[in-house]
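All heavy atoms count here, side chains included; hydrogens, waters and symmetry mates do not.
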Amino acid sequence: MLMENEKRIGVYICHCGLNIAGTVDVEELTKYAATLPNVVISRDYRYICSDPGQELIKNDIKELKLNRVVVASCSPRMHEHTFRKACRAAGLNPYLYEHVNIREHCSWVHADKKQATEKAKDLVRAAVQRVYYHQPLEIKEIPVIPEALVVGGGIAGIEAALKIANSGRKVYLVEKEPSIGGHMIQLDTTFPTLDCSECIMTPKMSEVGHHPNIELLAYSEVEEVSGSVGNFKVKVRKKARFVDEDKCIGCGVCEQKCPWKVPSEFEAGLGQRKAIYIPFAQAIPNIATVDKDHCVYIQSGGKKCGACIKICEAGAVDFNQIDQIVELQVGAIILATGYDIFDPSQILQYGYGKYDNVITALEFERMTCAAGPTSGKIQLKDGRIPQSVAIIHCVGSRDRNYREYCSKICCMYALKHGHHLRDRIDADVYQMYIDMRCTGDAYEEFYKRVSEEGVVFIKGKVAEVTDRANTEEEKGRLVVVAEDTLLAKLVRIPVDMVILCPAMIPRADATEIARKFSITQKASGFFLERHAKLEPQVSAMDGVFLAGCCQFPKDIPDSVSHGRAAAAAALELIDRGSVAAEAAIACVDETLCHGCGICEEICEFQAPKVIVKDGKRVSTVNEALCKGCGACAVACPSGAMSIKHFTRDEISTMIKALATVEK
Amino acid sequence: MTEFEPRIIVFACNWCTYAAADTAGTSRIQYPPNVRIIRVMCSGMVAPEHISLALESGADGILVAGCHPGDCHYISGNLKAEEKFHMVSKVVSMLGIEGGRVRLKWIAASEGPIFAQTIKDMVDEIRKLGPSPFRTSQKAGREKTALTLEDILQDTKAYYCLECSKCTSICPVTKYDPSYSPRTVIENAALRLGDESTRDKKLFSCLGCYACSLRCPSDVDYPDFMRKLRSLAFVSGECGCPAHGGFLHSVTRLMARSPYKQKRLDWLTKEYQTSDHSDILYFVGCIPYFEPIFGYLDTKALDITRANLKILNHMGVQPMLLPDEKCCGHDALWTGDVETFQRLAEHNTKLIKEAGIKKIIFTCPEGHRTFKIDYPEHGFELGCELQHISEFVAEKIEKKELKFKEIKRKVTYQDPCRLGRHLGIYDSPRKVLEAIPGIELIEMEKNREYSLCCGTSAFTNCDIYSHEMRVDRLLEAKATGAEILVTTCPKCQIHFKCAMNNKGKEKGPDINIEVMDLASLVASAIDS
Ligand SMILES: Cc1cc2nc3c(=O)[nH]c(=O)nc-3n(C[C@H](O)[C@H](O)[C@H](O)COP(=O)(O)OP(=O)(O)OC[C@H]3O[C@@H](n4cnc5c(N)ncnc54)[C@H](O)[C@@H]3O)c2cc1C
Ligand code: SF4
Ligand code: SF4
Ligand code: SF4
Ligand code: SF4
Ligand code: SF4
């Protein structure tokens with residue numbers, strides 16, 4: 001007969017092949033665990049996470065009437081949920097389970113077998129003692145709102161939105177610029193196939209514009225996010241365009257009449273737009289926007305200009321418009337905010353901003369584009385056609401002084417630019433590179449093709465771009481100074497134009513965005529995925545997914561796949577219909593609570609609230625809001641507040657077990 | 001001898017630092033095996049008592065680690081952790097423990113190398129510091145007491161209980177919490193339900209206020225009975241529901257076992273005169289520790305010690321202050337931790353004897369009571385005169401050596417249980433108040449021996465009932481029309497201010513009143 005309070009603990013030690021067993025003496029550890037109080041069975045197994053491994057645990061739960069389970073294996077971040085599920089399948093409450101990390105935190109980081117085994121013993125002992133105190137927790141399912149939010153309308157966001165919308169679910173797409181499209185719509189052609197970027201992008205964009213399941217909120221930004229997985233509340237600021245969206249037909253007459261010119265963002269500063277503008281011909285939505293910082297009417301308080309008001313036949317221009325706050329409720333969020341381009345003027349020796357004919361790759365994209373400011377003509381500032389061009393790779397990337405990582409796609413677009421230069425104007429082209437990285441499908445072949453087209457490759461990081469001529473030939477030109485490391489020879493190459501390949505970097509507001517959505521950034525500043533290999537499209541925050549270059553630089557095919565993967569993850573969540581609410585949350589001992597409200601004040605999620613019950617003030621916790629962070633329990637003076645699964649007994653037992661050095 | 005291997009406890013938040021340790025693992029970055037990681041969901045989940053418990057348990061180093069500011073998965077948990085950590089650091093440094101043993105660091109999920117480096121650095125530094133002295137010290141509660149339930153019933157005359165229940169009907173705790181009854185506690189114990197009676201958390205609800213035993217027809221010393229029963233309970237691992245997570249008790253246990261020299265007199269500035277040759281000692285007690293711990297209540301606990309020195313200096317006394325005096329042991333004793341109490345008593349007695357002290361002045365009635373009654377009872381004879389500051393001042397007033405300037409305020413007075421019912425000092429504080437021109441003393445309905453306790457004793461079982469008691473007492477104080485509630489106990493002040501610390505939107509009755517220690521009031525009434 002099982003006594004009512006009898007604790008029957010099963011301990012399972014995983015070899016993880018040799019990953020653990022190579023360093024930790026699993027046999028000894030298993031024997032040791034068997035000697036610990038309340039341990040009924042202690043086993044080791046080669047791969048405990050495998051099906052037979054899990055079966056073993058399930059059988060023991062049933063046959064040996066285990067009511068507590070401890071598994072010592074890899075990180076709980078990897079497999080805690082696996083074993084909790086196994087417990088559940090065998091009829092044991094999943095919170096009667098404790099996980100021990102003897103791989104990432106032990107066998108992989110220590111070489112000494114004896115010490116690693118001792119450490120593993122301590123960790124297992126602490127877990128056995130802690131699991132004793134575990135209580136079954138009720139797992140509540142909360143419904144998922146079957147709608148999604150996608151933030152950022154570049155190719156990744158567009159793909160994600162379309163996939164979700166096509167599956168019949170409603171999507172809100174928030175884009176901060178006047179039109180969706182992101183960087184891809186700025187590109188001329190795309191490597192390695194060289195198909196026209198606009199041609200493949202615009203059908204997608206218009207599909208978004210017309211899709212009955214997509215509500216596009218362009219020229220909008222997310223202000224605030226609250227709630228949690230399955231039930232987010234999002235406040236979106238719809239910025240005033242000063243143009244009535246319903247009336248504007250996108251004819252662009254206003255734009256023609258507006259006398260005020262501003263460098264165009266879309267043209268990467270190469271061309272100009274007006275103070276009222278439609279960023280490019282295929283913009284979605286195709287609506288004019290007034291740039292209030294440059295509009296003379298707004299800046300003069302309505303005293304001057306106003307040409308657009310008069311010219312617009314639809315009467316769409318409306319200077320009384322104000323920002324609107326739209327409140328959305330969604331079950332899942334996909335972040336697809338993309339990337340920024342490193343500002344090369346920081347690297348003074350490259351002369352960007354100083355020499356007219358040092359330009360960025362993005363500017364070059366606009367220059368080669370038939371719809372661009374030069375109508376596709378590759379030209380110098382003075383209109384001449386360049387005879388020779390140097391393309392400098394890794395500008396700000398693979399450089400400890402700026403960004404340490406490889407930006408991944410620059411080699412490829414540099415080849416693309418080399419090809420166009422050869423193909424269209426027959427210029428001499430010098431690729432100044434550190435390593436050529438052409439790892440995609442048909443990329444190496446493209447590299448070969450471009451080499452054969454006569455592009456010169458010089459392996460060496462450029463030290464300097466200068467207009468100081470040493471020879472007659474260099475006069476009036478830009479000189480690129482580098483070492484050709486393959487020949488171990490210093491080279492000075494006089495060229496007419498220099499194209500810089502700047503690193504793709506995290507958005508300037510990435511930190512702010514990360515905070516808003518409670519996600520984390522990596523050391524590089526890009527958003528951190530939950531698992532680098534297995535869950536690259538999932539953020540650390542439940543219900544928030546990542547798509548495209550906001551996670552790390554990618555080319556278009558990868559951005560597309562990533563966007564679709566994020567959509568699948570969001571749909572998985574939505575179609576499941578409900579999520580298990582966090583069960584390890586705060587709870588109040590009503591006999592101890594003073595009703596002081598310190599918990600109410602300290603909680604970031606408005607979960608605790610003091611109410612009057614039987615004439616007494618006591619705190620209550622809204623289980624749907626509590627995240628189980630523990631701040632309230634630490635702040636509560638009386639000891640009334642505690643966190644389930646992390647109670648005083650549970651934490652204290654671990655501390656005592658791990659801090660005490662047995663003599 | 002093998003080389004000392006430091007033991008380091010890391011409290012790592014699930015989202016950043018725990019993941020950073022995982023990253024170190026996946027990248028196979030080696031670091032010393034001296035570290036044991038405890039996974040918490042958020043660094044803000046790490047309470048002060050967790051850190052002190054790790055120290056008590058013998059950890060040589062402790063690292064609290066979480067996400068960088070701004071990256072917290074719970075928005076600001078790490079900032080809250082930092083705030084608490086600063087408080088703990090102050091306490092740790094006051095205890096004299098090397099700062100390098102207790103650290104806080106932000107380590108992001110990607111910073112595996114930084115995690116490994118941090119551990120390496122910490123192990124190196126702690127190797128230099130040497131093993132924690134708490135590694136080998138006897139842990140509290142391990143020592144069996146010689147007492148049996150039988151002895152306790154005999155010693156405290158509990159056997160003579162008539163079951164008349166006079167105690168229960170007078171007990172202030174019972175009034176608020178009917179499930180608590182001193183009579184039934186005795187009854188259960190007498191019926192040989194020893195084990196069960198020591199396992200009852202309610203055992204720790206008694207305030208030791210002495211209201212019951214003053215009325216018992218059979219002369220049962222209930223508070224003493226209860227205290228001894230608690231010592232049995234303590235040994236079997238029961239300690240009631242400690243308030244503040246038991247941090248204060250833990251700090252006391254550390255202090256009792258600590259070989260370190262404390263740094264408890266940092267607050268002492270040049271404007272106060274003390275002397276190493278005086279035979280009058282001012283026993284400061286735990287006030288310097290209360291200052292950081294209850295900083296959030298704005299108690300300004302040290303104002304009391306400063307006021308006291310101002311008074312003494314004004315009267316020409318330059319007292320000695322012992323830089324390494326320890327807690328008197330009151331709370332330890334009253335929560336059943338006799339062993340800790342004895343260590344403290346032994347330490348203090350030795351220090352005081354060596355210093356040749358003839359007279360001790362207290363601002364804390366608990367210290368006073370403990371020195372006067374409990375030290376001798378446990379064989380620690382001090383052989384000197386003991387005086388509460390209110391007695392000292394009253395004496396000077398009587399001798400007409402002290403004059404006050406006018407303070408026009410209406411006040412009422414809270415008799416602390418330890419000063420009143422325990423030591424019978426009711427008149428001195430009143431005399432002092434009456435001697436200050438302009439002060440109008442209005443008594444509360446329950447005063448002197450009928451006075452109501454502030455509701456909590458020894459920082460334990462501070463429950464809804466004890467809170468209600470405090471609220472009622474404050475309402476009573478307000479009902480007198482007084483502007484200030486004067487007390488002579490620093491803890492009464494803390495508990496009252498705590499009751500008034502109302503942060504929720506749901507406000508109860510208005511109980512706000514200025515609470516002030518008598519010493520502070522007196523200090524403001526003397527011309528300097
Ligand atoms: C010069 C150059 C040439 C390239 N050539 C090629 C090529 O030939 N082939 C190829 O495969 N790849 C190429 N690429 C890479 C390609 O640009 C990217 O793979 C692709 O654009 C990534 O798309 P994305 O949606 O992730 O990001 P983005 O295109 O940056 O889109 C992000 C979108 O989110 C919006 N946004 C940002 N922040 C917010 C916010 N807070 N709220 C709302 N909206 C927001 C932005 O306005 C933008 O619309 C090239 C890149 C460069 C720099
Ligand atoms: S902080 Fe603690 S005592 Fe205060 S209301 Fe919250 S649970 Fe109750
Ligand atoms: S644990 Fe406490 S502070 Fe944290 S979310 Fe829950 S109620 Fe709020
Ligand atoms: S008052 Fe005394 S005799 Fe009466 S029940 Fe209480 S302890 Fe017993
Ligand atoms: S000492 Fe005070 S609180 Fe304790 S039982 Fe007696 S009357 Fe009640
Ligand atoms: S009343 Fe005193 S013991 Fe109780 S919570 Fe407040 S300060 Fe702590």
Side-chain angles (χ1 to χ4, degrees), chain A residues 75-77 103-105 108-112 115-116 119 122-123 511 514-515 518 520-523 528 540-541 584 590-598 600-602 604 610-612 616-618 627-631 633-634 637-639 643 646 648 651-652 654-656 658-661 663, chain B residues 7 9 14-16 18-19 21-22 24-26 28-31 33 36-42 44-47 50 53-54 57-59 67 70-71 73-77 80 84 108-111 116 135-136 241-245 462-464 467-468 498-499 501-506 508:
Chain A
S75 170
R77 293 167 58 86
R103 193 180 74 176
E104 281 84 342
H105 289 191
W108 276 355
V109 287
H110 309 313
D112 184 299
Q115 284 178 319
K119 178 172 174 179
D122 278 349
L123 296 174
T511 304
R515 272 175 208 177
S518 305
T520 19
Q521 290 169 278
K522 305 185 252 210
L528 178 70
M541 176 75 176
E590 292 188 356
T591 63
L592 282 176
C593 175
H594 299 171
C596 68
I598 289 180
E600 186 177 311
E601 188 192 53
I602 205 155
E604 288 277 8
V610 174
I611 57 159
V612 178
K616 289 175 184 148
R617 284 178 309 141
V618 288
K627 307 253 179 296
C629 71
V634 172
S638 69
I643 308 297
F646 290 90
R648 278 187 190 85
I651 300 189
S652 307
M654 285 213 120
I655 296 173
K656 284 191 218 153
L658 294 174
T660 312
V661 180
K663 281 162 280 181
Chain B
R7 173 61 57 90
I9 292 291
N14 180 56
W15 308 97
C16 292
Y18 194 92
D22 278 359
T26 358
R28 311 294 198 277
I29 306 171
Q30 304 289 300
Y31 55 86
R36 303 286 181 273
I37 297 175
I38 295 178
R39 179 164 73 132
V40 286
M41 295 314 289
C42 176
M45 198 180 241
V46 181
H50 296 143
L53 180 64
S57 308
C67 312
D71 292 350
H73 190 74
Y74 307 101
I75 304 172
S76 65
K80 290 166 195 152
K84 283 282 173 207
S110 56
E111 296 175 335
R135 258 188 181 216
T136 46
C241 304
H244 309 283
C462 185
D463 52 21
I464 184 146
H467 179 70
E468 285 184 325
C498 172
N501 183 32
N502 201 325
K503 296 292 184 197
K505 283 184 206 81
E506 186 69 58

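Contact of A/Ala523 with chain B is made through backbone and side chain together, with heavy-atom distances under 4.5 Å. If you measure heavy-atom distances from B/Ala19 to chain A, the contacts under 4.5 Å come from both the backbone and the side chain. At a 4.5 Å heavy-atom cutoff, the contact between A/Ile598 and chain B is made by backbone and side-chain atoms alike. Both the backbone and the side chain of B/Ile37 have a heavy atom closer than 4.5 Å to some heavy atom of chain A. A/Cys629 touches chain B through backbone and side chain together, each having a heavy atom under 4.5 Å away. Proximity to chain B (any heavy atom under 4.5 Å) is restricted, for A/Leu528, to the side chain, taken from C-beta onward. Of the atoms belonging to A/Ala633, not a single heavy atom falls under 4.5 Å from chain B. Residue B/Ala108: no heavy atom, backbone or side chain, is found under 4.5 Å from chain A. Looking at A/Glu104, both its backbone and its side chain come within 4.5 Å of chain B, counting heavy atoms on both sides.
Remark: A/Ile643 CD1 to B/Met41 CE distance equals 10.5 Å, nearest 0.5 Å. Atoms SG and NE2, on B/Cys498 and A/His594 in that order, are 6.0 Å from each other to the nearest 0.5 Å. Taken to the nearest 0.5 Å, the CE atom of A/Met654 stands 9.5 Å off from the CD1 atom of B/Ile9. B/Leu53 contributes atom CG, which lies 6.0 Å from atom NZ of A/Lys656 (distance to the nearest 0.5 angstrom). The CG atom of B/Asn502 sits 4.5 Å away from atom CZ of A/Arg617, with the distance rounded to the nearest 0.5 Å. Atom CZ of residue B/Arg7 and atom OG1 of residue A/Thr660 lie 8.0 Å apart, to the nearest 0.5 angstrom.
Of all the listed residues (B/Ala54, B/Cys42, B/Gly77, B/Ala21), the one sharing the greatest number of non-hydrogen pairs under 4.5 Å with chain A is B/Ala21.
In this structure the side chain of A/Val610 never reaches within 4.5 angstrom of the side chain of B/Lys505, judged on heavy atoms. Between B/Cys241 and A/Leu592 there is a side-chain heavy-atom pair separated by less than 4.5 Å. Looking at A/Glu604 and B/Lys80, their side chains come closer than 4.5 Å, going by heavy atoms from C-beta outward.
Between the side chain of A/His110 and the main chain of B/Gln30, no donor-acceptor pair closer than 3.5 Å is present.
Remark: B/Cys16 pairs with B/Cys67 by the disulfide bond (SG atoms under 2.5 Å apart) rule, at least two apart or across chains.
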